[in-house]
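Note on naming: letters A, B, ... go to the chains in the order of the sequence lines (proteins, then strands), and numbering restarts at 1 for each one. Since the structure is predicted, the reported quantities are computational estimates derived from the model, not experimental observations.
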There are 2 protein chains.
Amino acid sequence: MARTQGSRAEITGPLVRDAARRLFARHGYAAVSMRQIAAEVGVQVGTLYSYTADKQALLADLLRVHMEELLAAWRDDPARPALDRLEAFLRFHIQTSLERPEAVFLSYMELRNLTPENRAEIAALRRRYEDALEAILIAGEAEGTMAVPDTRLATMALIAMLTGVTNWYREGGRLDQERVVAVYRELVRGAVGA
Amino acid sequence: MARTQGSRAEITGPLVRDAARRLFARHGYAAVSMRQIAAEVGVQVGTLYSYTADKQALLADLLRVHMEELLAAWRDDPARPALDRLEAFLRFHIQTSLERPEAVFLSYMELRNLTPENRAEIAALRRRYEDALEAILIAGEAEGTMAVPDTRLATMALIAMLTGVTNWYREGGRLDQERVVAVYRELVRGAVGA
DNA sequence: GTCTATACCTCGATAGAC
DNA sequence: GTCTATCGAGGTATAGAC
C-alpha cells in the first residue's frame, strides 16, 4: 500500500483532507490516529505533517471550510414570502446534508474536540447559520404567515430535526432525496404553524 | 486526592459509573482515559478493573442500563386519544433528557464506539423506543387526528428534534422545563398536522 | 478492595536520508 | 515531497503486596 517516494503534492493535500473527513466522521476524531489517516491516503505518517500543522488543525480546517462554504452558498431573499424562504432553506439544508453528510455530521458532533479558540471560531460560524433560519421565522411572524411560540427555540429544534437526516439516510435506501425534502417540508410547515 | 487503601465497595461502583458517564458525555468515549476516570473517582487505575471488565464494557453498560430504564419507565395507554399519548411521550422524553442529559446524550452519540455485538444490542433497544413513538403516530393516522406523510420518517425527525434539547438546554437558563415542554408541544402538534 | 508498579502497546510528532 | 526511524508521552490492562 505504501508508495515509495515520488512527489504528488497537488493531489495528496486533498486526499489527506478527504481521508481525515471520512475517518473522523466514521469513528470520531479522538478515535482516529494519524497513522490510520496516512494508511488511508497511502502515505507514511510523517508526510501528513507537510499538509497540516497537527491533528487539531486538520479537524478545525475541515469544520471551518465546511461552515464557510455553507454560509457562502446560502442565498436568501428577504423580499420573498417567508414560507418560500423557509422551504428554500430546508431544501438547501437537506441537499447539503445528503451531498456532504460527513462534513455536516462532523460539524455538529466534533465541536467538543476543538481547542477553545477553534471552538469559539466554529461556533460563531454556526451561530450565523442558525441566525439565517431564525431571520426567516421572525419574518414569518411579522407577516402573519407563521406562528411559533419562541423563534430561538424553534430554530434550534428545526435544525436538530433537519440535521438528523444524516443519522438515518442511506444512499439508495427507501427514500430518494426529493421524497425526503417533501416529507420534511410538510413537517416543518406544520411545526411553524403555516 | 488518591486515598490509601480502605474498602468502600458499595459506593465506589456507582461512583465509577457516574464518573465515566460524566467524562464520556463531556469529552467523548475515545478521548477519555481510564486514568482520568480513576482520578475523578479518587482511586487508582487498577481499582477500576474490579468494577468493569474493560473500558468498552463500561460504555456498553451505561447505554444498556439507560435504555432499559427508559423503556421500563415509559407507560403508554393505547386506549387514549393519540394526541394525548403524543403529548405524554414528548413530556416523558424531554423530562428524561433534562434529568439525565448525559445518559441521553451518550446514548445517541456513542453508538459508533461500541463493538458490533454491543452496538447491535443497544440499537435494538433504541429501535423499541422509536417504535413506541411510531405506534402513536400510526394510531393518530388511523383516528384521523394526525396527518403525517411518512410515519417512520416523522418518528426519526421528531426524536431528533426532541433529543436536540440536550445540545442547548442549560440549567437555570432562559427557559424552565415546563416552558420547554410547552414550546415543543406546539411544534410537535403542528408537525403531525394536529 | 485498593494500592503500587509495571508490561506492552500505540499515540503524535520530529529529524534526516533520499 | 516522501520515506524510514525514532523519541517521549500516555494509553489499557494486569500482577502481586497490603
Side-chain angles (χ1 to χ4, degrees), chain A residues 1-24 26-63 110 112-118, chain B residues 1-24 26-63 110 112-118:
Chain A
M1 178 161 296
R3 265 179 308 105
T4 328
Q5 309 286 19
S7 169
R8 340 202 298 176
E10 324 80 62
I11 68 169
T12 301
L15 285 183
V16 169
R17 296 173 49 84
D18 290 347
R21 188 185 305 109
R22 185 165 49 249
L23 290 170
F24 288 166
R26 180 129 60 207
H27 307 290
Y29 172 78
V32 172
S33 70
M34 294 298 270
R35 285 173 166 83
Q36 282 175 272
I37 297 172
E40 183 93 353
V41 175
V43 89
Q44 298 299 314
V45 205
T47 301
L48 294 182
Y49 292 86
S50 297
Y51 298 94
T52 183
D54 51 27
K55 192 185 173 190
Q56 169 70 203
L58 200 44
L59 175 63
D61 287 345
L62 286 173
L63 300 197
E110 295 293 359
R112 61 180 171 181
N113 281 310
L114 294 171
T115 60
E117 297 75 22
N118 286 333
Chain B
M1 179 161 296
R3 266 178 307 105
T4 328
Q5 310 286 20
S7 167
R8 342 202 298 178
E10 325 81 63
I11 68 168
T12 301
L15 285 184
V16 169
R17 296 172 50 83
D18 290 348
R21 188 185 305 109
R22 184 164 49 249
L23 290 171
F24 288 165
R26 180 130 57 206
H27 307 291
Y29 171 78
V32 173
S33 70
M34 294 297 270
R35 290 191 220 279
Q36 283 176 270
I37 297 172
E40 183 92 354
V41 175
V43 300
Q44 299 299 315
V45 204
T47 302
L48 295 181
Y49 292 87
S50 298
Y51 297 94
T52 183
D54 51 27
K55 192 185 172 190
Q56 168 71 203
L58 199 44
L59 175 63
D61 287 346
L62 286 173
L63 299 198
E110 295 294 358
R112 62 179 171 183
N113 281 310
L114 293 171
T115 60
E117 298 74 23
N118 287 331

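The minimum heavy-atom distance linking A/E40 with A/A19 is given by the pair CG-CB, 3.6 Å. Closest approach of B/R26 and A/R112 over heavy atoms only: O-CD, 3.5 Å. B/T52 approaches B/M34 most closely through the heavy-atom pair CG2-CE, 4.3 Å.
Going from atom CZ of B/R35 over to atom C1' of C/dT6 covers 10 Å, rounded to whole Å. Rounded to whole Å, atom P of C/dT10 lies 12 Å from atom CD of A/Q36. To the nearest angstrom, C1' of D/dT2 lies 11 Å from CG of A/L48. For the pair B/Q44 CD and C/dG1 C1', the interatomic distance rounds to 13 Å; values are reported in whole Å. One interatomic measurement links the two molecules: CG of A/L59 to P of C/dG12, which rounds to 13 Å at whole-angstrom precision.
Residue A/S33 places at least one side-chain N or O closer than 4.0 Å to OP1 or OP2 of C/dC11. Contact check, B/T47 against C/dC3: a side-chain N or O comes under 4.0 Å of OP1 or OP2. A sub-4.0 Å separation between OP1 or OP2 of D/dT2 and a side-chain N or O of A/T12 is present.
From A/N113, atom CG reaches atom CZ of A/F24 across 9.5 Å, with rounding to the nearest 0.5 Å. Here the CG-CD1 distance, from B/D18 to B/I37, works out to 12.0 Å after rounding to the nearest 0.5 Å.
For residues 49-57 of chain A, proximity to DNA chain D is found at A/S50, A/Y51, defined as any non-hydrogen atom under 4.0 angstrom from a strand atom.
The side chain to side chain contact (heavy atoms under 4.5 Å, CB included) check on B/Q56 picks up B/Y29, B/D54, B/L114, B/T115, B/N118, with sequence neighbours excluded.
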